[in-house]
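Just so you know, these numbers come straight off a predicted model, no measurement behind them.
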Amino acid sequence: MNTQEQVGAEARYQAALNEGRFLIQRCEGCGRHVFYPRVVCPHCGGDSLAWVEPKGTGVVYSTTTVRRKPEAGGDYDVSLIDLDEGVRMMSRVEGIAPTEVKIGMRVRAKVIDNKGAGLVVFTPEEAR
Amino acid sequence: MSLADLRGKTAIVGVGLAGCGEARGMTDMEILAQAATKAVADAGLTMKDMDGLCTANLMSAIWPLNVVEYLGLQPKFVEGTNVGGSAFVAHQLPSMMALATGVCDAVLVCYGSVQRTGTMGRKERTAARNVLDPNPYEAPYQPFNPPSSYALVAARHMHQYGTTRRQLAEIAVAFRRWAQLNPEAFSREPLDIETVLKARMITDPFTAYDCCLVTDGAAAYVMTRADRAKDLKKKPIYLLSNATAVWHRSVIGMRDLTVSPSKESGERAFAAAGLGPKDIDVVQVYDAFSINVILALEDLGFCKKGEGGPFVENGAIGPGGRLPVNTNGGGLSCVHPNMYGAFATIEAVRQLRGECGERQVKGAKTAVVNGNGGNAAASQSTSVLATAEAL
């Protein structure tokens, strides 16, 4: 019996983010990138997934502005980002008004501190 | 054996609704039991005849046990798979198999929710679900779900195919016009396109009118084998087919935001029924949001991919239009107690029985029901129903 505590993919992903590092996975079986992190590859079923650093660039696949009262923090963006590695994630595009986030916009990832936990958000590439 | 072998072997023989709109002072189970009692009586059967049960509830992972105990059942067949709001359409295939093989003789499919007036409201229920079933890759970004996920779907469809907010508004207005013909509908005041377009945004491109109602309501129906159905009280409505497709859990897993699993469930259901979209008299689709209707019409083949917007223009799916869709007023204007699949099924049965009064589609002999489940069209279940004449 193995009594050693393991570090699952979900915990490892968050631990890296907490250190400011954004990592995704790449399947050593089929070569495809995987996100969100898993212990098996959803493409080929392989269980050998390596952690890799993505380029951090991608494109907005879809976007919505969630409307919120100004006293509660105001409107904010929720977007789906297609990373150049071919995986999609939910995130937020910052640095511009939420209604100015457009499908097709090139964006770049950064890791921010969100109440003590690392979180990936994006900014428009041209704004950097 | 194949799915087509089940064609017409079973029928829906009893339906019942209870607590629709507001059921103040009642519980999920109490209105479920009221709807179940009505459905059983409508079939001319008794609760003791129900030796099969299908049910699910978002608040309990083992809800069939609760229902068995409350109704005093002792079923030989129990199905509690919860694939979201499409569950009560998806329950049909296992029921068809259980009935056709003689595992049981009568299946009660039932659901109830008092999410509008209950002591634990929608907000509290959503918070509890987020604790029990977390999604760490979405939660930190605070999507207002489910609306935000479907808004992302709509935004992508608009980007890719030029679908407009006005076309989405056409859907809300069409269903409101149906609701005005349905005395049981919750929202019946007049609604026009300009009002929808000028309403406050909730999560772009949706205003409140693009989002389903938050009501109470319970729905139940009884299925039995075709040989038994003929001798019962009401005209049997035959199940020609049912097929379910589940492709993902949430919007981050939806590969192409403009194509729903209805593409697959619809193809399988139509093939087994031996019918196509052109043979269908009345359509009941799960309209959690306006965009669901466009996806369903396209993916089921009522129009080509990307042409759902133009298809619904000029009142085409409202009363007097070319294709009657959601004749009760749908989730947008009739009733939406969290999971709507059973309500869509019951409206199809009522139309095929000819019980729909002012909103009756004259001579309707065939119907399609399309269930939708999850935060982003994750599960879809399609059924083809018909009267004896269209068997």
Check your understanding: What part of B/L257 gets closer than 4.5 Å to chain A, counting heavy atoms only: side chain, backbone, both or neither?
Key -> both

Practice item. For A/I103 and B/A155, work out which heavy atoms get closest and say how close. Key: CD1-O, 3.5 Å

Review point. Picking from B/R200, B/E138, B/M158, which has the most non-hydrogen pairs under 4.5 angstrom with chain A?
Key: B/E138

Practice item. Taking the six-membered ring for Trp and the single ring otherwise, decide whether the centroids of B/Y137 and A/Y13 are under 6.0 Å apart. Key: yes

Check your understanding: Are more than 12 heavy atoms from other residues, nucleotides or ligands located less than 6.0 Å from atom CZ of B/R129?
Key -> yes

Point to revise | B/D204 and its side-chain contact (heavy atoms from CB on, under 4.5 Å) partner, picked from A/T65, A/V78, A/D77 | key: A/T65

Check your understanding: Are there more than 12 heavy atoms of other residues, nucleotides or ligands under 6.0 Å from atom CZ of B/R268?
Key -> yes

Exercise for review: Look at atom CD of A/Q6 and say whether more than 12 heavy atoms of other residues, nucleotides or ligands are closer to it than 6.0 Å.
Suggested key: no

Check your understanding: OH of A/Y61 to NE2 of B/H159: how many Å apart, nearest 0.5 Å?
Key -> 9.5 Å

**Study point:** Atom group of B/P140 that falls short of 4.5 Å from chain A, counting heavy atoms
**Key:** both

Check your understanding: Just wondering, do B/Y141 and A/N114 contact through their side chains at under 4.5 Å, heavy atoms?
Key -> no

Review point. If you count the non-hydrogen atoms of other residues, nucleotides and ligands that lie under 6.0 Å from NZ in A/K102, is the total more than 12?
Key: yes

Exercise for review: Kindly give the heavy-atom pair with the smallest separation between A/M90 and B/V251, and that separation in Å.
Suggested key: CE-CG1, 3.6 Å

Study note, to complete from the structure: Correct closest heavy-atom pair for A/S79 and B/L152 would be CA-CD2, 4.5 Å

Review point. Is atom CD of A/E5 surrounded by more than 12 heavy atoms (other residues, nucleotides or ligands) closer than 6.0 Å?
Key: no

Check your understanding: Counting heavy atoms not belonging to B/E313, are there more than 12 under 6.0 Å from its CD?
Key -> yes

Point to revise | Portion of B/N135 that has a non-hydrogen atom of chain A nearer than 4.5 angstrom | key: neither

Exercise for review: Check whether more than 12 heavy atoms from other residues, nucleotides or ligands sit under 6.0 Å from atom OH of B/Y209, and answer yes or no.
Suggested key: no

Practice item. Evaluate the side-chain proximity of B/F206 to A/T64: yes if any heavy-atom separation is below 4.5 Å, no if none is. Key: no

Exercise for review: Mind checking the CE-OG spacing from B/M254 to A/S62? Nearest 0.5 Å is all I need.
Suggested key: 10.5 Å

Practice item. Go through A/D75, A/T63, A/V121 and name the one with the most non-hydrogen pairs under 4.5 angstrom from chain B. Key: A/T63

Exercise for review: Heavy-atom distances under 4.5 Å only: say whether A/P98 touches chain B with side chain, backbone, both or neither.
Suggested key: neither

Check your understanding: Can you name the nearest heavy-atom pair linking B/M201 to A/R67, along with the distance?
Key -> O-CG, 3.2 Å

Exercise for review: Let me know if A/V87 has heavy atoms under 4.5 Å from chain B in its side chain, its backbone, both or neither.
Suggested key: neither

Study note, to complete from the structure: Residue from A/E10, A/M89, A/R92 scoring the most non-hydrogen pairs under 4.5 Å with chain B is A/E10

